[in-house]
Each structure stands twice: as structure tokens, then as C-alpha cells.
Amino acid sequence: MRDRRGMKTQLGINGAGLGPGKKTRLNRILRQHGLCNGTAMFLPYDHGLEHGPRDFFANPAVSDPAYIIRLAVDGGFNGIAVQVGLAEKFYWDYAGEVPLVLKLNGRTDIPSDAEALSPLHASVADAVRLGADAVGYTLYVGSPAQETDFRQLRQVREDAQRFGMPLIVWAYPRGAAVEAKGGRDSFYAVDYAARIASELGADMVKVNFPHPEKTSGVKEAYQRDFSAQQAIDAVVRSANRTLLLVSGGEKQGDEAMLQKARQAMEAGATGLIFGRNVWQREHDESLRFVARLQDILAKYPQPGALRA
Ligand SMILES: O=P(O)(O)OC[C@H]1O[C@](O)(COP(=O)(O)O)[C@@H](O)[C@@H]1O
């Protein structure tokens, strides 16, 4: 609890090695928006590319990007993650009111996941031009296209370093090899993905919530009898100085999501990046749910992050 949080804060990103641009932008995200207490809640809205318009059917108003950016501002989010086309056409209406995370790559779900690779379609220079405070990159851990993905990520990391732009990696296990070992949200896959993002230079990593009971066909070291709390604790440790965000996934009951949020923050995560669970409902209901998530984040301030 306090010790564990303190330890993560101490291990968390500090000034050394970040450079002034990254540190300034991360401070803007973590200390000048949302709860301003070192935690973060991001609103992802790249689903129109990743899944197509079907994700908006539950609340048709959501298909309008302006609605979502307004929701991010009204809800006091620390950032909104969108693709370049929407950033260019919609973000400037709210420029600076909520930090922009520009997604640099993305794919559709029309082809199968067999050789999943998310191609680049925007650059770190675009992010600078659009006033972004971070860039997002989806890395498909375990896909047969992993080598190409690593090379692509290297280019993004180098540009991000040069421009002082924080790099958030969506570390998503994918492909047949992953499915054979328990699937994309097994403890094994999520834990490994968190470690890989840290090894490859992410400033923040976004992972699915890990499921210990799903791990199979891997070394015994992977405890299937871990509790959910033990699993997310281990994942935060694997991310080490890379700040960890837990992603939402398909819409579930609120209590299940709030429990996930509590366990993640207890483990020392920096925050949450929940999309469909926030916006697949009517506007005021979204804000009420966001307020409940913020009540949780408020209990886990991370005052030491970035101070050193
Ligand atoms: O697991 P999938 O289907 O690839 O989902 C990818 C989507 O999930 C996210 O990572 C998080 O959003 P959600 O909270 O709605 O799951 C989006 O950024 C992305 O579009």
C-alpha cells in the first residue's frame, strides 16, 4: 500500500534521462490536468480505425469526434488519444484544454490477427505540429510480424527522444503463439508485454488487466494460482520505471471496472485508459462513472513522480 506506492513513485520516471521536452510534457499531463496529483486517466478514441463504427452504435453521439473531445474536457481527463485525421480536424477547437496523445500507428480488424502489424501513418513531427503532449504506438507482442514492429518502434523512439516527446506504448500480445500460451490477457502475456515495452524504451505502457488463470503452456514460473492483485503487482514491477496504464476493453459492469481500477492503483499503476466503458453510454452517465474512477485515483496520489 503506502510502501508499495512509495516504491513505485521512487522507481517512477524522474528527470534524469528524460530530457527537458519529455519532462515538461509529462508534467503537463500528470500535474496540470485531471487530478494534478501524478495519476492519469486517458480517454482513447482510436476505435473508428481499429474496430470501425460498430463501437459507436451503443451511443450514436459518440461517432462525432467533437462529442468525445468535449467529454474528455468535461470529465477532467489527462489526455485524449486519437489518430492524425481527427487530431487535425477536431483537436484545435479544444487545443490545450485536454492534452493530446497522437496515435502514430493503427490498423483495422478486417484482416485476421495472424500476422498482426500496426503500420505507421503519422510521425512525431506531426505530433509536435499539432501540439501533442505524447505519442501512442501499438506494439503487437508475439506476432509473427514482431521484428518489423520492433524496427518501426525503434524509429518512433528515436524521433520521440529527439523531439522531447513522451512515448506511450500500447503493448498488446497478439497472434497464434500468444493464443497457445493462454491468450492476449493472460498473466504471462501481459507481464511479458509490460517488460518488453520497458526494455524497448517506452515512457508509459498501456496493458490489458492480467488474468493468472488463463496462462497455459508456459514455464511453471508463471503462477496460475496468483490472485488478480498479485498478478497486477507483478506487471507493475515488470514495467519498472515505465509508468503503467491499465486499459479497459469491452464494456463490462461498472463494479468490475472499478475493482480493476482499484487493484491497478493499489499495485502502483499511474492510471487508466478506459474508452468503451466510459463512452458507450449517455453523456451524464459517462461523467458519473468517470467521477467514480477519479475517486479511486484520488486515493493514490503520486507526488514524487517526475520530481527528481
Ligand atoms: O483489444 P482490441 O480490440 O485491439 O482493442 C483496441 C482498442 O482498445 C484500446 O486500446 C482501449 O480502449 P477500450 O478501453 O475501449 O478497450 C483502444 O485504444 C483500441 O482501439
Side-chain angles (χ1 to χ4, degrees), residues 40-59 62-63 65 67-69 71-72 75 77-87 100-119 121-122 132 134-143 145 149 167-175 178-179 182-186 189-190 193-194 197 202 204-211 214 244-254 256-261 264 269 271-281 286 289-290 293:
M41 209 168 65
F42 292 93
L43 192 63
Y45 185 65
D46 53 349
H47 306 65
L49 175 64
E50 298 287 336
H51 301 156
R54 72 166 189 272
D55 279 358
F56 311 141
F57 294 169
N59 175 11
V62 165
S63 68
Y67 171 96
I68 287 287
I69 302 184
L71 181 65
F77 279 80
N78 297 76
I80 178 155
V82 295
Q83 306 285 356
V84 65
L86 302 192
L100 171 66
V101 178
L102 187 70
K103 259 323 284 298
L104 300 186
N105 64 344
R107 70 191 278 264
T108 74
D109 71 357
I110 299 168
S112 82
D113 275 349
E115 308 240 343
L117 175 71
S118 192
H121 44 64
V135 290
Y137 180 95
T138 298
L139 176 73
Y140 287 128
V141 171
S143 161
D149 215 345
L167 170 60
I168 307 179
V169 170
W170 276 224
Y172 279 178
R174 279 294 186 284
V178 168
E179 294 311 316
R184 58 182 68 173
D185 59 353
S186 69
V190 173
M204 286 195 199
V205 59
K206 167 184 198 286
V207 291
N208 294 323
F209 198 91
H211 290 267
K214 290 194 182 168
L244 189 116
L245 304 171
V246 166
S247 84
E250 281 177 19
K251 190 143 182 301
Q252 297 168 33
D254 287 0
M257 296 309 294
L258 293 166
Q259 173 72 352
K260 233 191 231 192
L272 311 169
I273 176 160
F274 288 0
R276 286 164 286 181
N277 279 279
V278 168
W279 44 249
Q280 282 185 340
R281 57 175 102 206
S286 295
F289 179 58
V290 168
L293 293 171

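For clarity, every value in this text was computed on a predicted model and none was experimentally measured. Both backbone and side-chain heavy atoms feed into the values below; hydrogens, waters and symmetry mates do not. Start at 1 and go down the list; that is how both ligands and their atoms are numbered.
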Partner set under side chain to side chain donor-acceptor pair (under 3.5 Å) for Gln83, not counting sequence neighbours: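 Gln83: side chain to side chain donor-acceptor pair (under 3.5 Å) contacts with His121.
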Residues that Ala145 engages under side-chain contact (heavy atoms from CB on, under 4.5 Å), provided they are two or more places apart: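 For Ala145, the residues satisfying side-chain contact (heavy atoms from CB on, under 4.5 Å) (neighbours in sequence not counted) are Leu117, Ser143.
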Asp185: partners by side-chain contact (heavy atoms from CB on, under 4.5 Å), with sequence neighbours left out: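 Partners of Asp185 by the side-chain contact (heavy atoms from CB on, under 4.5 Å) criterion, ordered by chain and then number, come out as Asn208, His211, Lys214.
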Side-chain donor/acceptor of Trp279 to backbone N/O of Pro44, under 3.5 Å: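 Looks like yes, one N/O pair under 3.5 Å.
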Sorted by chain and number, the residues that approach ligand 1 to under 4.0 Å with a heavy atom: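 Residues Pro44, Asp46, His47, Glu50, His51, Trp170, Tyr172, Arg174, Lys206, Gly248, Gly249, Ile273, Phe274, Gly275, Arg276 each place a heavy atom under 4.0 Å from ligand 1, listed by chain and number.
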Trace of the side-chain hydrogen bond (donor to acceptor under 3.5 Å, both in side chains) decision for Lys103 with Thr138: CA-CA 8 Å; Lys103 259 323 284 298; Thr138 298; 2.7 Å; yes
Member of Phe77, Phe56, Tyr67 meeting the ring pair (Phe, Tyr, Trp, His ring centres under 6.0 Å) criterion with Tyr45: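 Only one of Phe77, Phe56, Tyr67 forms a ring pair (Phe, Tyr, Trp, His ring centres under 6.0 Å) with Tyr45, namely Phe56.
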